[in-house]
Protein chains: 2
Amino acid sequence: MTATRSTRQRDVIARVMDDAEGPLAVGDVLTRAQTDLPGLGVATVYRTLKLLTEQGRIHPVTLDGETRYERAGRGHHHHFSCTRCSRVFTLHTCPVALPSGTVYPGGFIVEAHEVTLYGQCPECAQAP
Amino acid sequence: MTATRSTRQRDVIARVMDDAEGPLAVGDVLTRAQTDLPGLGVATVYRTLKLLTEQGRIHPVTLDGETRYERAGRGHHHHFSCTRCSRVFTLHTCPVALPSGTVYPGGFIVEAHEVTLYGQCPECAQAP
DNA sequence: TTCAATGCAAAAGGTTTGCATTAGC
DNA sequence: GCTAATGCAAACCTTTTGCATTGAA
């Protein structure tokens with residue numbers, strides 16, 4: 001039997017992920033969690049992020065060559081990266097119609113897809 | 001003055017990039033180039049990829065948290081990452097209709113987009 | 001001949017792992 | 001009390017850098 005224990009470290013890291021306003025880098029998670037747990041080690045953060053990922057509670061996103069983690073279970077979504085302010089937004093509308101199992105030209109069987117849009121966010125679009 | 005020299009290493013690496021069927025990881029480039037230049041070192045590959053990038057002949061793409069390089073100037077295209085063999089292919093068919101200037105729900109002005117499909121490549125789809 | 005480019009090895013980041021200790025259950 | 005989880009440090013991997021040597025012009 002697998003016995004996953006509930007620990008203070010895991011609770012804090014899970015809370016940090018839940019409270020995040022966007023995808024967080026490992027360093028961000030460590031810093032935020034250390035507010036409550038000064039002695040927290042990096043290894044625990046990595047192990048916990050891996051665990052949460054396996055549990056499907058969070059998932060990794062690579063943006064600008066950097067691996068970040070964001071809360072999962074918010075349904076299918078994509079990202080919009082603003083070319084002016086560099087902020088990343090979550091989009092809940094999907095511009096692609098590719099159900100799992102679709103056979104793409106060339107014989108590629110599609111299981112999933114990822115879309116990142118680049119442009120100007122509503123705020124920057126208004127600014128001069 | 002800057003004096004960039006033409007060397008056998010650079011020629012070989014540039015050829016490898018030109019012949020690539022999709023974005024290559026540094027290790028791929030090294031392996032392929034070593035067919036012609038057994039003594040080639042990793043450092044030279046990194047330095048040359050950086051040089052080619054600065055010259056605008058190739059550009060980096062981050063897929064699955066791994067940095068790869070592909071030839072530039074090949075027009076609009078996307079990528080397919082095989083979940084079984086981990087190879088990345090270039091797709092010439094675009095699954096989204098988002099011309100530059102499109103206003104996306106929420107007020108996001110789209111200038112460009114990036115799509116990555118995940119699944120099984122033609123070869124892996126045939127294997128048991 | 002000159003000095004940019006290479007190869008090697010050491011260094012520098014970021015991530016993972018081994019192990020003794022701590023702490024959930 | 002048993003053993004999963006932690007913290008620390010060492011190990012790993014990928015990328016960069018220092019330096020003596022090589023080789024393009």
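Naming: A, B, ... by sequence-line order, numbering from 1 per chain. This structure is a prediction, so every number in the text was calculated from the model and none was measured.
- Scanning both residues, Ile13(B) and Ala33(B), for their nearest heavy atoms gives CG1-CB, 4.3 Å.
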I'd like to compare against my own output: the B/S/- annotation of nucleotides 20-25 of chain D with a strict under-4.0 Å heavy-atom distance to protein. ---BBS
Using residues 42-56 of chain A as the side-chain source, report each donor-acceptor pair under 3.5 Å to any protein atom, sequence neighbours left out, with the distance given to one decimal.
| residue | atom | partner | partner atom | Å |
| --- | --- | --- | --- | --- |
| Thr48(A) | OG1 | Thr44(A) | O | 2.7 |
| Thr53(A) | OG1 | Leu49(A) | O | 2.6 |

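- The interatomic distance linking Glu54(B) (CD) with dT16(D) (C1') rounds to 14 Å, in whole Å.
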Contacts table for residues 119-128 of chain A: side-chain donor-acceptor under 3.5 angstrom, sequence neighbours left out:
| residue | atom | partner | partner atom | Å |
| --- | --- | --- | --- | --- |
| Gln120(A) | OE1 | Arg84(A) | NH1 | 3.2 |
| Gln120(A) | NE2 | Glu111(B) | OE2 | 3.3 |
| Glu123(A) | OE1 | Arg87(A) | NH2 | 3.3 |

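- Thr67(B) is linked by a side-chain contact (heavy atoms from CB on, under 4.5 Å) to Pro60(B), Thr62(B), Tyr69(B), counting only residues two or more places apart in sequence or in another chain.
- Annotation: proximity of residues 19-41 of chain B to DNA chain C (heavy atom, distance under 4.0 Å) is found for Gly39(B), Leu40(B), Gly41(B), numbered in ascending order.
- When the side-chain contact (heavy atoms from CB on, under 4.5 Å) test is applied to Thr93(B), the partners found at least two apart in sequence or on another chain are Tyr104(A), Pro105(A).
- The salt bridge (Lys or Arg N to Asp or Glu O under 4.0 Å) pairs that include a residue from residues 31-41 of chain A are Glu21(A)-Arg32(A), where partners are two or more places apart or lie in different chains.
- Among residue pairs with one or both ends in residues 105-128 of chain B, those qualifying as ring-ring contact (aromatic ring centres under 6.0 Å, His included) are Phe80(A)-Phe108(B), Phe89(A)-Phe108(B), His76(B)-His113(B), His78(B)-His113(B); sequence neighbours excluded.
- For Arg71(A), the side-chain contact (heavy atoms from CB on, under 4.5 Å) partners at least two apart in sequence or on another chain are Asp18(A), Arg74(A).
- Distance, Asp11(B) CG to dA4(C) P: 19 Å, rounded to whole Å.
- For the salt bridge (Lys or Arg N to Asp or Glu O under 4.0 Å) condition, no pair includes a residue of residues 88-109 of chain A, sequence neighbours left out.
- Atom pair Glu66(B):CD and dC13(D):C1' shows a separation of 12 Å (rounding to whole Å applied).
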Report all interatomic pairs (protein N or O, nucleotide N or O of nucleotides 17-22 of chain C) with separations under 3.5 Å.
| residue | atom | partner | partner atom | Å |
| --- | --- | --- | --- | --- |
| dG18(C) | O6 | Arg47(A) | NH1 | 3.4 |

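- Atom-to-atom, CG of Leu51(A) to C1' of dT6(D) comes out at 13 Å; the value is rounded to the nearest Å.
- Take His77(A) and apply the side-chain contact (heavy atoms from CB on, under 4.5 Å) test, not counting sequence neighbours, and it matches His59(A), Glu70(A), His79(A), Thr90(A), His92(A).
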